[in-house]
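Following: one structure in structure tokens, then a few remarks.
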2 protein chains.
Amino acid sequence: MKQIVTITNGNVTSPAGFEASAVAAGVKYQDRLDLTLLVSQQPCTAAALFTQNQVAAAPVLVDRETIATNASSIRAVVANAGSANACTGQPGLANARAMQQMTAEAIQCQPDQVLVLSTGVIGVQLPMDKVKAGIAAASQQLSPDGGPSAARAIMTTDTRAKELAVQVQLPAGVITIGGMAKGSGMIHPNMATMLGVITTDAAVDAETLDSLLRTAVNASFNRISVDGDTSTNDTVMLLANGASGIEMAGSESIGLFSEALSFVCIQLAKMIIRDGEGATKFVTIRVRGGGSEADAHAVAMTIATSPLVKTAFAGSDPNWGRILAAAGRAGIPFDQSRTGLWIGLSEPCDLQLVAHGTPTDYQEADAAAVFSQESFMIELDLGAGDGQVTVWTTDLTHDYISINADYRS
Amino acid sequence: MKQIVTITNGNVTSPAGFEASAVAAGVKYQDRLDLTLLVSQQPCTAAALFTQNQVAAAPVLVDRETIATNASSIRAVVANAGSANACTGQPGLANARAMQQMTAEAIQCQPDQVLVLSTGVIGVQLPMDKVKAGIAAASQQLSPDGGPSAARAIMTTDTRAKELAVQVQLPAGVITIGGMAKGSGMIHPNMATMLGVITTDAAVDAETLDSLLRTAVNASFNRISVDGDTSTNDTVMLLANGASGIEMAGSESIGLFSEALSFVCIQLAKMIIRDGEGATKFVTIRVRGGGSEADAHAVAMTIATSPLVKTAFAGSDPNWGRILAAAGRAGIPFDQSRTGLWIGLSEPCDLQLVAHGTPTDYQEADAAAVFSQESFMIELDLGAGDGQVTVWTTDLTHDYISINADYRS
């Protein structure tokens with residue numbers, strides 16, 4: 001029997017005890033969901049990872065403080081799209097705190113039991129009257145079926161909602177993990193990505209939760225890039241309300257929980273890449289033979305963010321020279337005469353383009369056939385050690401330029 | 001009297017004692033100049049800086065060795081466009097050495113008196129029969145007027161040749177510095193850029209030459225980026241043949257020479273940016289208030305390579321939030337509440353968009369008017385110290401995608 005099963009149409013309210021709702025508050029967009037509440041009746045332990053950007057948004061600053069002081073009794077998450085509440089100074093901080101306060105009043109808890117998420121344009125103050133009305137309205141519509149609306153309400157340039165849930169069969173019973181995420185541009189997470197919320201009805205102490213989230217995020221959100229631009233608002237949070245009555249204790253339970261959590265995070269991360277701004281390709285980059293995992297990661301991310309590599313993807317051009325040139329500028333030492341490069345539709349890649357740093361006698365048509373697919377894989381061996389990593393990225397297209405040359409207007 | 005004067009139509013053979021020629025050897029392109037010889041009758045001292053890319057091309061490996069062992073008697077540079085001779089293994093190395101040998105035979109010198117440059121597609125072996133015929137033909141056409149053809153022969157996706165020369169009035173007389181460069185894509189030099197050759201008829205010892213070249217390159221080629229992609233072939237070399245009979249000794253002469261050399265390098269670097277692939281904007285980014293110059297440089301280069309910033313340039317959108325977000329992910333600590341941002345057409349920028357990390361009450365139309373110009377400037381104050389730097393970059397446009405989605409075919 002499979003112990004981790006994906007739930008059809010699963011979402012952030014699939015775990016027991018979570019409710020959500022979303023409203024069109026008119027923060028920036030008109031007539032679309034842009035404000036959402038996610039509420040647990042029982043207090044949750046919580047863990048969160050935030051952007052490393054020095055220009056961190058107000059909600060990030062507030063949440064860091066909340067998680068640091070109150071990680072064991074979180075009740076709600078309030079989120080808005082349309083304004084990032086970044087570069088907004090003291091008024092922005094006050095507004096993020098007001099969102100905690102308003103939510104606390106609406107659902108009757110303390111302000112420091114509320115986490116805040118914002119996404120959208122930088123440098124614009126939130127229209128707090130609209131936010132207040134939105135929170136009040138949303139608090140009247142909370143429902144265990146509210147997950148899908150919540151996932152839609154946090155979208156900006158996203159073209160589709162990103163959500164899923166899995167059930168995990170443990171010795172003591174079944175627990176559920178649900179998740180939602182948003183993100184399409186400004187995607188190059190550094191410790192976390194642009195808004196991910198994961199829920200579970202398992203009971204997990206805050207310290208374990210933090211450690212499990214770090215592991216999962218390192219294998220997922222930290223391994224994707226759309227454009228190399230780390231957002232000011234990146235946040236991934238994990239709330240565990242214990243409503244299943246099942247406690248995560250013992251290595252078997254924790255191991256399975258960790259596996260399921262990583263699965264949820266990887267699936268959400270891949271959904272972000274598949275919905276990357278202007279993206280027409282989903283490319284898996286595997287680097288092995290690095291001097292360390294960190295070396296392999298640096299090389300993989302340099303390839304994943306190279307404009308020349310990504311335009312070659314867009315043109316279905318198996319231009320391996322650009323891939324090696326990008327690897328070579330990652331700041332990681334390796335001997336080019338020991339490198340090998342393979343491509344294919346999935347692991348293991350079966351078409352070798354480069355051996356000992358020089359081209360094999362592969363047929364150009366075979367390589368082009370792989371790169372013309374919507375989804376393909378590249379495998380680079382650095383020949384320098386045992387470090388390996390897999391990352392996911394997009395191509396760089398005309399549509400990315402069009403979307404971003406005129407995003408604000 | 002001005003001591004440094006730009007020569008009308010100056011080029012790499014403007015300094016006394018240099019000759020050049022170029023031929024259509026058919027390395028890859030048909031019916032266009034693609035192979036050039038630059039020769040000094042007197043032996044030159046020489047300095048050169050090369051790519052830091054781990055996947056360094058064969059000519060880079062050969063030139064490193066030549067400069068290390070023979071920096072005081074260089075006679076010639078042979079260069080080809082069309083093939084980069086990178087990722088070509090031992091045969092590629094042998095071909096680069098053969099180019100030294102063929103040139104040495106043609107102009108009657110020793111192979112280790114010849115430097116080699118290649119640019120073009122990665123991973124393709126040079127057609128050595130064509131190269132050999134080209135070198136023989138070029139050696140018959142050497143001329144003091146050959147500079148402009150040489151600059152054309154090293155172009156790849158460049159749309160125009162990049163060359164200039166200056167005369168420097170020294171106490172002992174007049175010396176001349178000439179230079180040429182190529183580069184349009186894969187431009188993010190790390191210690192040097194994609195092919196720059198600078199000549200002078202001053203007499204300078206090799207050690208001084210190396211030190212002066214490092215200073216000039218740090219202020220020029222190391223401060224530009226088209227796409228963040230460091231090439232496998234980046235090389236800047238400086239040849240001094242002493243034909244003016246004027247020796248660079250004493251702080252006044254060396255100071256003026258250094259100033260003129262930096263001017264030549266900065267002009268060539270700016271020409272590369274103005275001819276950046278698909279570029280429609282020339283943007284000067286000045287970062288000050290860094291904890292150090294290195295900090296300011298890291299922040300400036302992160303802004304200069306951010307796809308979101310560069311697409312905003314393309315859209316004439318003064319989206320300062322993206323500029324701050326890019327600065328914030330540079331890995332350099334600063335306090336966002338101390339940052340300020342100004343824009344304008346030249347230094348000092350007069351329109352302040354951000355004060356204390358938040359927007360001023362500037363008029364959007366005023367900001368858009370600046371960003372709609374072909375050339376404009378951004379000034380970011382990090383409020384963290386005295387470090388400052390100026391770098392130059394382009395926008396990121398549909399044409400960049402078009403050029404690079406299908407470069408090889």
Side-chain angles (χ1 to χ4, degrees), chain A residues 52-56 84 86-89 91-92 121-123 185-186 188 190 227-232 305-308 311-312 314-315 317 319-322 324-330 332-337 339 354 356-359 396-398 400-409, chain B residues 52-56 84 86-89 91-92 121-123 185-186 188 190 227-232 305-308 311-312 314-315 317 319-322 324-330 332-337 339 354 356-359 396-398 400-409:
Chain A
Q52 303 275 302
N53 198 306
Q54 297 289 312
V55 183
C87 298
T88 47
V121 177
I122 293 173
M186 212 179 257
H188 185 83
N190 184 5
D227 50 16
D229 271 313
T230 302
S231 157
T232 49
T305 54
S306 158
L308 286 170
T311 48
D317 175 9
N319 194 327
W320 58 264
R322 294 185 184 171
L324 259 65
R329 70 169 168 90
I332 302 301
F334 63 86
D335 176 353
Q336 59 172 307
S337 74
T339 57
V354 176
H356 309 297
T358 60
L396 174 60
T397 66
H398 285 286
Y400 180 89
I401 308 287
S402 298
I403 292 166
N404 286 300
D406 207 21
Y407 171 55
R408 293 199 309 174
S409 51
Chain B
Q52 303 276 301
N53 199 307
Q54 297 289 314
V55 183
C87 298
T88 46
V121 177
I122 294 174
M186 209 181 257
H188 185 84
N190 185 6
D227 50 17
D229 271 312
T230 302
S231 156
T232 48
T305 54
S306 158
L308 286 170
T311 48
D317 176 8
N319 194 328
W320 57 266
R322 293 186 186 171
L324 260 67
R329 71 169 167 88
I332 301 301
F334 63 86
D335 177 355
Q336 59 173 305
S337 74
T339 57
V354 176
H356 309 297
T358 61
L396 174 60
T397 67
H398 285 285
Y400 180 88
I401 308 287
S402 297
I403 292 166
N404 286 299
D406 208 19
Y407 170 54
R408 291 199 309 172
S409 52

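These numbers were taken from a predicted model, which means no experiment stands behind them. Throughout, protein chains are lettered first and strands after them, A, B, ... in sequence-line order, and every chain is numbered starting at 1. We use all heavy atoms of the structure for the numbers below, so side chains are in, but hydrogens, waters and symmetry mates are not.
- Annotation: the span from B:Asp317 atom CG to A:Asn404 atom CG amounts to 10.0 Å, rounded to 0.5 Å.
- Of the listed residues (B:Pro91, B:Pro333, B:Ala86), the one with the most heavy-atom contacts under 4.5 Å to chain A is B:Pro333.
- Heavy-atom pairs under 4.5 Å with chain A peak, among B:Ala325, B:Gly89, B:Ala327, at B:Ala325.
- Residue A:Thr305: no heavy atom, backbone or side chain, is found under 4.5 Å from chain B.
- Nearest approach of A:Cys87 to B:Pro359, heavy atoms of both residues: O-CD, 3.4 Å.
- Highest contact tally toward chain B, considering only A:Ala312, A:Ala314, A:Ala56, is held by A:Ala56 [criterion: heavy-atom pairs under 4.5 Å].
- Once rounded to the nearest 0.5 Å, the distance linking CG of A:Asn53 with CG of B:Leu324 reads 9.0 Å.
- Take B:Ser306 and apply the side chain to side chain contact (heavy atoms under 4.5 Å, CB included) test, not counting sequence neighbours, and it matches A:Asp229, B:Leu308, B:Val309, B:Ala326, B:Arg329.
- For A:His356, no part sits under 4.5 Å from any heavy atom of chain B, backbone or side chain.
- For B:Thr339, no part lies under 4.5 angstrom from a heavy atom of chain A.
- Partners of A:Ala330 by side chain to side chain contact (heavy atoms under 4.5 Å, CB included), not counting sequence neighbours, listed by chain and number: A:Val299, A:Thr302, A:Ile332.
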What verdict does the side chain to side chain contact (heavy atoms under 4.5 Å, CB included) test give for B:Tyr400 and A:Ile401, after you've listed the backbone C-alpha separation in whole Å, the side-chain angles of each residue and the deciding distance to 0.1 Å?
CA-CA 10 Å; B:Tyr400 180 88; A:Ile401 308 287; over 6 Å; no
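- Side-chain contact check for B:Asp335 versus A:Gln54: every heavy-atom pair is 4.5 Å or farther apart.
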